[in-house]
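These notes are about the structure you will find just below.
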Amino acid sequence: MSELLAPLRRLNRVRLYRRAARKRQALADAQIADMSEQKISEILGLMRRFSPLDVGVQLVRIGPEGDGGYLVPDDLEGIGALYSPGVSDTTGFDSDIANRGIPCHLADGTVDVPEALGGKMTFEKIMVAGTTRPGFTSMADWVNRRGPSVGDLLLQMDIEGAEYEVISVMDPDLIRRFRIMIFELHDVVGKLLNDRASLSAFLDKLQADHVLCHLHPNNASPPVRLLGQNVPDLIEVTFLRRDRATPAGEARYPHPQDQRNNGIFPEPPADRFWAV
C-alpha cells in the first residue's frame, strides 16, 4: 500500500511547493511595487555581489550525491581541521573530509551523536550562535576549545539562518583562518526585501578577505522573481581566501558537477541573478 501511495505523496509535495511559490511571489511583487528607487537600488547592489569568480583552482565535489554534497576548491592540503555546524542527519561531507586525514568537528543541538562518526570526528550537542550561553557556543569559543590554535581551517555551515548573526560577530582574524568557507544561505529573498543591512554586513565580513568561487541554488525552496531575475531563496556558496586565489573572470554557472538537492522539486532556472 505504501508503494502505491508514494506517487501521490510526491504529487502532493509538488503541489504544496508550487502553492508556496505563488504565494511568496505575490508577496514579493506587492513589496517591490511599494519600494522607493533607493531601496530597489540597494537590492540590485546586493544581488550583484553574488557573482562567483573563477579563482584559478579546480573545484571538486565532496560529500554525497544530491543534498549534502558541496563543490570545494581543490586546495585542502595543509588544512588543520574542518568545523561543521549544523549536522542534522547528513554527515557525508564531513566523513569524506575525515577520510582525507583532516580532523572534523561537528556541532548541532537538535540531533544526537551521528552513527557515522569516525575516528577523526568529534561531535558536540550544541548550537553555534553569535555568543556562548547555555546550549550555544560562539565560533571563537568552539575553535579555541577544539583547535588547532594556528594554521588554516575549513568551514561548512548550515545553521538555518543563524549564519548571518554568527559571521557578523566573528573577529576578522578568525575569519581569515578559514581558507575555504562553505555556507547554505537561508531566506535570501527575505533578506533582500526586508533585511538588507544584515545581508550586506554578512557579505562585507566574508568578501573582505575571501572570493566567492561557487554558487548553487538549492531547489528545496522555490526561487522568487525580483526585478526581472529569478532569485533563489536558499543558496549554497563557497568562498576561497584571496591569497589562495588567482581570479580569472566569471566562474562556470551552472557548474557541471552541480546536482539537484531535492529529486522531486524542479530545478531553479539557471539565471545569473547577479547580472542586473
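- A salt bridge is defined here as a Lys NZ or Arg NE, NH1 or NH2 lying under 4.0 Å from an Asp or Glu carboxylate O, and D209 with R242 fails to meet this definition.
- Remark: the backbone N or O of S138 is paired with a side-chain donor or acceptor of T132 at under 3.5 angstrom.
- A side-chain donor-acceptor contact under 3.5 Å links K191 and S198.
- In summary, D258 and R61 do not engage in a salt bridge, as defined by a charged side-chain N under 4.0 Å from a carboxylate O.
- The CG atom of L46 sits 12.0 Å away from the CZ atom of F202 when rounded to the nearest 0.5 Å.
- Hydrophobic clustering, with ILVMFWY side chains joined whenever heavy atoms are under 4.5 angstrom apart, keeps L155 apart from V57.
- At a cut-off of 3.5 Å, with distance as the only test, no side-chain donor of R9 or N12 sits close to an acceptor on the other residue.
- Proximity of the aromatic rings of Y253 and F273 is defined here by a centroid distance below 6.0 angstrom, and this criterion is not met.
- Note on V169 and M127: separate hydrophobic clusters, where clusters join Ile, Leu, Val, Met, Phe, Trp and Tyr whose side-chain heavy atoms are under 4.5 Å apart, directly or indirectly.
- A donor-acceptor pair under 3.5 Å links the side-chain atoms of E163 to the main chain of H186, judged by distance alone.
- Between the side chain of R260 and the backbone N or O of G66, no donor-acceptor pair lies under 3.5 Å.
- Across C213 and V55, no two heavy atoms sit closer than the pair CB-CG1, 3.6 Å.
- Rounded to the nearest 0.5 angstrom, N230 CG and R272 CZ are separated by 13.5 Å.
- In this structure a side-chain-to-backbone donor-acceptor pair under 3.5 Å is present from R177 to V150.
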(message) Apply side-chain contact (heavy atoms from CB on, under 4.5 Å) to residues Y70 and H216 and explain how you reach the verdict.
(response) CA-CA 9 Å; Y70 298 95; H216 175 247; over 6 Å; no
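- Side chains of F93 and I182 form a contact here, defined as non-hydrogen atoms less than 4.5 Å apart.
- Rounding to the nearest 0.5 angstrom, the gap separating the CD1 atom in I264 from the CZ atom in R13 is 4.0 Å.
- We find that K125 and D108 are not joined by a salt bridge, their nearest charged nitrogen and carboxylate oxygen being 4.0 Å or further apart.
- Of all the heavy atoms in L226 and A28, the pair that sits closest is CD2-CB, 3.9 Å.
- Hydrophobic cluster membership is shared by V211 and V72, with clusters built from Ile, Leu, Val, Met, Phe, Trp and Tyr side chains linked at under 4.5 angstrom.
- Looking only at atom types and distance, the side chain of E236 has a donor-acceptor partner in the side chain of N261 under 3.5 Å away.
- In this structure, a donor-acceptor pair under 3.5 Å is absent between the side chains of R225 and Q25.
- For the atom pair CD1 (I62) and CG (L154), the distance works out to 7.5 Å, reported to the nearest 0.5 Å.
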(request) Go through the steps to decide whether D54 and R252 satisfy the test side-chain contact (heavy atoms from CB on, under 4.5 Å), and finish with yes or no. (result) CA-CA 7 Å; D54 180 344; R252 296 182 70 179; over 6 Å; no
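- Side-chain N or O atoms of K205 include one that pairs as donor or acceptor with a backbone N or O of I167 at under 3.5 Å.
- Formation of a donor-acceptor pair under 3.5 Å by the R18 side chain with backbone atoms of V14 is not found in this model.
- Contact annotation: the side chain of I180 approaches that of L76 to within less than 4.5 Å [non-hydrogen atoms, C-beta and beyond].
- The backbone N or O of I235 lies less than 3.5 Å from no partner atom in the side chain of N218, so there is not a single donor-acceptor pair.
- Closest approach of T131 and F136 over heavy atoms only: O-CB, 3.9 Å.
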(message) For Q58 and D75: C-alpha separation, side-chain torsions, deciding distance, then whether side chain to side chain donor-acceptor pair (under 3.5 Å) applies.
(response) CA-CA 8 Å; Q58 181 180 354; D75 186 17; over 6 Å; no
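- A heavy-atom distance below 4.5 Å is not found between the side chains of L59 and D74.
- Rounded to the nearest 0.5 angstrom, M47 CE and L199 CG are separated by 11.5 Å.
- Taking a 6.0 Å sphere around CZ of R145, one finds it holds more than 12 heavy atoms contributed by other residues, nucleotides or ligands.
- Across every non-hydrogen atom of P222 and D233, the tightest pair is O-CB, 3.9 Å.
- A donor-acceptor contact shorter than 3.5 Å is absent between the side chain of D158 and the backbone of G86.
- In this structure, the side chain of N99 engages the main chain of S95 through a donor-acceptor pair within 3.5 Å.
- Looking at P266 and Y17, their side chains come closer than 4.5 Å, going by heavy atoms from C-beta outward.
- Of all heavy-atom pairs between L106 and W142, the closest is C-CZ2, 3.7 Å.
- Donor-acceptor pairing under 3.5 Å is lacking for the side chains of Q259 and D67.
- With hydrogens and angles ignored, the 3.5 Å screen pairs no side-chain donor or acceptor of T91 with any backbone N or O of D94.
- Contact check on R49 versus D204 returns a salt bridge, with a Lys/Arg side-chain nitrogen under 4.0 Å from an Asp/Glu carboxylate oxygen.
- Hydrophobic clustering (side-chain heavy atoms under 4.5 Å, transitive across Ile, Leu, Val, Met, Phe, Trp, Tyr) groups I40 together with F50.
- The two residues R179 and H210 have their closest heavy-atom pair at O-CD2, 3.9 Å.
- Between the NE2 atom in H105 and the CG atom in L153 there is a gap of 8.5 Å [rounded to 0.5 Å].
- Placement of Y164 and L234 in two distinct hydrophobic clusters is found when ILVMFWY residues are connected by side-chain heavy-atom separations under 4.5 Å, directly or transitively.
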